[in-house]
Peer 1: 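Can you read through this structure? Questions will come right after.
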Number of protein chains: 2
Amino acid sequence: MFELDLRDRRPIYEQLVDKFKQLIFSDILKQDEQLPSVRSLAQELSINPNTIQKAYRELETQGYIYSVKGKGSFVNQLAEIDNRSELEELSKQLQKLMREALFLGMTKEDLYQLIEESQSL
Amino acid sequence: MFELDLRDRRPIYEQLVDKFKQLIFSDILKQDEQLPSVRSLAQELSINPNTIQKAYRELETQGYIYSVKGKGSFVNQLAEIDNRSELEELSKQLQKLMREALFLGMTKEDLYQLIEESQSL
DNA sequence: TAACTGTACTATGTTTCTTAATACAGTTAA
DNA sequence: TTAACTGTATTAAGAAACATAGTACAGTTA
């Protein structure tokens, strides 16, 4: 289910946060679906359970999951996600990348195409 | 000309690389225009010259600037930038952010709007 | 020559990330 | 009730990345 990219210079827990968010955005992980337990995922990835927990804590802080002691961690309802400031930040990041893409030779049409492909996932 | 974002958890040299690339993409820094010297920018930002140099070295590696001993550092020609693998990576990142934006409630039209705004800079 | 430029190097300190080893509390099924 | 799961917290240690400080050398320019 998961693979760590050793070439990625970002810390492991950050990669995990990113991975899980992508799975949620893509609806591969659905609402209230259970995430792997801290210990099992740590074993599967051969890393320390503390690192998994750090990722889960971050995901919970951002509102993407909720954890229940004794039961596990689960995907949150979309409504629980704080997307006020997040959408603003996202717009900035998107514009930054779009400027870069246009500078490097992409066309508006290329960007339109990317939007279409993103939607069909 | 520059400000460091203390809230930004990324290393300083990485913020600098990002800042300069944005200035280049926005054509605020034009071809062959000279960048601030390592020492003067370090003083302006109250950070160590080594940190500036690290950023410049990274920008040079990525092809965005070139440095001449005794003269200074300058914005490179667009043609010198290796954009083969960079465009591929950019597409992936854009799609990732687009999926996130759509998940959080943005519409296709919102994304179109962002493209327009990016182009008018 | 003096004052700039980039570049290189070593040493040091700080911060962040990761691991390791426990421990405790709540849930669940045998 | 017990055993085996869950999340969570804590402390200690090591490793890696980052930033600073100080010094030095080479090339350019007025």
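Values in this document were obtained by computation on a predicted structure and should not be read as measured data. So you know, we letter chains A, B, ... as the sequences are listed, proteins then strands, and number each from 1.
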Peer 1: Is the closest basic N to carboxylate O distance between B:Lys96 and A:Asp18 below 4.0 Å?
Peer 2: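 A salt bridge is present here (some side-chain N lies under 4.0 Å from a carboxylate O).
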Peer 1: May I ask you to verify if any side-chain N or O of A:Ser73 is less than 4.0 angstrom from the OP1 or OP2 atom of D:dG7?
Peer 2: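 For A:Ser73, the contact criterion (side-chain N or O under 4.0 Å from OP1 or OP2 of D:dG7) is met.
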Peer 1: Any heavy-atom pair between the side chains of B:Tyr64 and B:Val75 that's under 4.5 Å?
Peer 2: no
Peer 1: Give the rounded distance in Å between these two atoms: CG of A:Leu4 and P of C:dC17.
Peer 2: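 Computing the A:Leu4:CG to C:dC17:P distance gives 15 Å.
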Peer 1: In this structure, how many angstroms lie between the P atom of C:dT5 and the CZ atom of B:Phe74, rounded?
Peer 2: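 Rounding to the nearest Å, CZ of B:Phe74 and P of C:dT5 are 11 Å apart.
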Peer 1: Need to verify one output field. Residue with the more 5' nearest nucleotide on DNA chain D, A:Glu60 or A:Arg9?
Peer 2: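 Result of the comparison: A:Glu60.
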Peer 1: Measuring to OP1 and OP2 of C:dG6, would you say a side-chain N or O of B:Tyr56 lies under 4.0 angstrom away?
Peer 2: no
Peer 1: Inspect the surroundings of CD in B:Glu88 and state if more than 12 heavy atoms from other residues, nucleotides or ligands are less than 6.0 Å away.
Peer 2: no
Peer 1: Write down the distance between CD (A:Glu14) and P (D:dA17), rounded to a whole number of angstrom.
Peer 2: 15 Å
Peer 1: Any sub-3.5 Å donor-acceptor pair from B:Ser26's side-chain atoms to B:Leu23's backbone N or O?
Peer 2: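 Not at all, since once roles are kept as given, no pair shorter than 3.5 Å links the two residues.
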Peer 1: Would you say that A:Gln119 contacts B:Met98 through its side chain, given a criterion of any heavy-atom pair below 4.5 Å between the two side chains?
Peer 2: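 No, too far: nothing below the 4.5 Å cut-off.
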Peer 1: A:Gln34 CD to D:dC5 P: how many Å, rounded?
Peer 2: 14 Å
Peer 1: Would you mind listing the cluster partners of A:Tyr66? Hydrophobic ones only (ILVMFWY), side-chain contacts under 4.5 Å, chaining allowed.
Peer 2: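 Besides A:Tyr66, the cluster holds A:Val68, A:Phe74.
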Peer 1: Grab the CZ-C1' distance between B:Arg10 and C:dC17 for me, whole Å please.
Peer 2: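 The distance from CZ of B:Arg10 to C1' of C:dC17 comes to 19 Å, rounded to the nearest Å.
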Peer 1: Just the rounded figure in Å: distance from P of C:dA23 to CD of A:Gln53.
Peer 2: 17 Å
Peer 1: Is A:Ser67 close enough to D:dT6 that one of its side-chain N or O atoms is under 4.0 Å from OP1 or OP2 there?
Peer 2: no
Peer 1: Closer than 4.0 Å, any side-chain N/O of B:Ser37 to the OP1 or OP2 of C:dT5?
Peer 2: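 B:Ser37 to C:dT5 OP1/OP2: side-chain N or O found under 4.0 Å.
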Peer 1: Please examine the side chains of B:Leu102 and B:Leu111, heavy atoms only from C-beta on, and report whether any two atoms are closer than 4.5 Å.
Peer 2: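 SC-SC contact between B:Leu111 and B:Leu102 confirmed.
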Peer 1: Please report the distance, rounded to the nearest Å, between CD1 in A:Ile52 and P in D:dG7.
Peer 2: 10 Å
Peer 1: According to the Watson-Crick and G-U wobble definition with distances under 3.5 Å, which dot-bracket string, read 5' to 3', encodes DNA chain D, using [ ] for crossing pairs and | for pairs with another strand?
Peer 2: ||||||||||||||||||||||||||||||
Peer 1: Assuming nearest nucleotide by heavy-atom distance, tell me which of A:Arg57 and A:Ser40 is located more 5' along DNA chain D.
Peer 2: A:Ser40
Peer 1: Any side-chain N or O of A:Lys54 below 4.0 angstrom from OP1/OP2 of C:dC17?
Peer 2: yes
Peer 1: Within the 4.0 Å limit for protein heavy atoms, which parts of nucleotides 21-30 of chain D are touched? Write it as a string from 5' to 3', B for base, S for sugar-phosphate only, - for none.
Peer 2: BB-B-BBSS-
Peer 1: Between A:Lys21 and A:Leu59, which heavy-atom pair has the shortest distance, and what is it?
Peer 2: CG-CD2, 3.8 Å
Peer 1: Do you know the tightest heavy-atom contact between B:Ile47 and B:Ile52?
Peer 2: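 Result for this residue pair: CD1-CD1, 3.7 Å.
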Peer 1: Do you know the tightest heavy-atom contact between A:Leu41 and A:Pro36?
Peer 2: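 Looks like CB-CB, 4.0 Å.
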Peer 1: Distance check: side-chain N/O of A:Tyr13 vs OP1/OP2 of C:dC17, anything under 4.0 Å?
Peer 2: yes
